[in-house]
**Q** 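Handing you a structure now.
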Amino acid sequence: NHEFYLLFAELCQTTDRFDLSLDKGTALEAFITADIQYISKSCRFPDWLGYLGLVLHNFNYPPEQLTRLSRNWSKQLLTIVPKSSRAFSILNDISNDEHPILTPRTMELCERAIMTGV
């Protein structure tokens with residue numbers, strides 16, 4: 001996933017544009033398999049959640065790939081957000097295929113949960 005980390009390093013340093021230097025297929029697979037813990041430790045909070053929201057908002061994913069991305073990210077975000085939060089409940093539902101997909105709004109809920117602890 002070296003390509004993803006290079007891309008994310010660029011995103012973490014650049015807040016006024018969303019520029020992908022990788023082809024869409026390579027970037028999509030890198031996003032799907034992203035290491036959220038690595039990203040959260042490598043980028044400022046809450047910027048990294050915003051960048052993940054941009055990834056969700058700026059791509060037209062095929063449904064099956066959006067489902068894979070949502071499930072993978074949700075499982076990882078569950079280790080970061082407080083268990084008592086609404087975000088945790090939504091992420092848990094997504095990771096168990098009980099809720100359809102992650103959205104930028106879900107990322108906002110994660111940010112709020114991390115900031116407030118609920």
Side-chain angles (χ1 to χ4, degrees):
N1 285 344
H2 181 68
E3 295 92 358
F4 180 83
Y5 299 128
L6 290 176
L7 170 63
F8 225 83
E10 179 180 341
L11 290 175
C12 289
Q13 295 172 16
T14 309
T15 58
D16 60 346
R17 65 181 168 83
F18 187 72
D19 179 30
L20 293 176
S21 57
L22 304 173
D23 69 83
K24 187 176 179 180
T26 302
L28 179 58
E29 190 58 33
F31 289 141
I32 289 170
T33 59
D35 182 340
I36 304 297
Q37 287 286 342
Y38 178 87
I39 293 165
S40 71
K41 292 177 180 158
S42 302
C43 300
R44 285 183 311 204
F45 176 83
D47 294 355
W48 63 270
L49 282 166
Y51 298 136
L52 294 178
L54 286 173
V55 168
L56 291 170
H57 180 73
N58 284 294
F59 277 89
N60 291 321
Y61 296 101
E64 65 280 356
Q65 290 178 318
L66 182 56
T67 299
R68 279 182 57 215
L69 180 142
S70 294
R71 199 173 316 128
N72 185 41
W73 285 13
S74 293
K75 287 177 182 176
Q76 296 180 68
L77 287 165
L78 283 169
T79 66
I80 299 171
V81 301
K83 290 182 180 182
S84 61
S85 67
R86 180 167 181 249
F88 186 92
S89 177
I90 292 170
L91 294 169
N92 193 51
D93 287 349
I94 293 169
S95 69
N96 292 319
D97 292 326
E98 296 171 19
H99 192 278
I101 57 168
L102 277 173
T103 65
R105 175 72 180 132
T106 311
M107 305 315 292
E108 292 171 9
L109 291 172
C110 290
E111 179 181 333
R112 185 175 312 129
I114 295 167
M115 289 175 70
T116 65
V118 290

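Here, residue 1 is the first one in the sequence, and each next residue gets the next number. Values below: every heavy atom of this structure, side chains too, minus hydrogens, waters and symmetry copies. Since this is a predicted model, take the numbers as computed values, not measurements.
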**Q** What closest approach, in Å, do Ser95 and Lys75 show between heavy atoms, and which atom pair accounts for it?
**A**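 What the structure gives for the nearest pair is CB-CG, 3.5 Å.
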
**Q** Does some side-chain heavy atom of Leu69 sit less than 4.5 Å from a side-chain heavy atom of Leu56?
**A**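 With C-beta onward as the side chain, the pair touches.
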
**Q** By salt bridge (charged side-chain N to carboxylate O under 4.0 Å, His left out), which residues pair with Arg112, not counting sequence neighbours?
**A**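 With sequence neighbours excluded, Arg112 shows a salt bridge (charged side-chain N to carboxylate O under 4.0 Å, His left out) to no residue whatsoever.
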
**Q** Hydrogens and angles aside, do Thr103 and Thr106 bring a side-chain donor and acceptor to less than 3.5 Å of each other?
**A**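 There is such a pair (donor and acceptor under 3.5 Å, judged by atom type) between the side chains of Thr103 and Thr106.
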
**Q** Do Leu52 and Leu102 touch side chain to side chain, with heavy atoms closer than 4.5 Å?
**A**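 In short, these two side chains do not touch, never coming nearer than 4.5 Å.
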
**Q** Tell me, do Ile39 and Trp73 make a side-chain contact under 4.5 Å, heavy atoms counted?
**A**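 They are not in side-chain contact.
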
**Q** Taking all heavy atoms of His57 and all of Pro104, pick out the closest pair and write down the distance.
**A**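 Residues His57 and Pro104, closest heavy atoms: CB-CG, 4.0 Å.
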
**Q** Answer yes or no: does atom CZ of Arg86 have more than 12 heavy-atom neighbours from other residues, nucleotides or ligands under 6.0 Å?
**A**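 Atom CZ in Arg86 is not crowded, with 12 or fewer foreign heavy atoms closer than 6.0 Å.
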
**Q** Test side-chain contact (heavy atoms from CB on, under 4.5 Å) on Asn92 and Glu98 and set out the steps.
**A** CA-CA 8 Å; Asn92 193 51; Glu98 296 171 19; over 6 Å; no

**Q** To the nearest 0.5 Å, what is the distance between CG on Leu49 and CD1 on Ile36?
**A**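 So the gap between those two atoms works out to 8.5 Å.
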
**Q** Should Asp35 and Gln76 count as side-chain neighbours, where that means a heavy-atom distance under 4.5 Å?
**A**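 Heavy-atom side-chain distance check passes, below 4.5 Å.
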
**Q** Which atom pair, heavy atoms only, marks the closest approach of Pro82 to Val118?
**A**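 What the structure gives for the nearest pair is CG-N, 4.2 Å.
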
**Q** Rounded to the nearest 0.5 Å, what's the gap from OG1 on Thr116 to CD on Glu111? Could you check?
**A**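 Here the rounded value is 10.5 Å.
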
**Q** Search all heavy atoms of Leu91 against all heavy atoms of Cys110 and return the closest pair with its distance.
**A**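 The answer is CD1-SG, 3.7 Å.
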
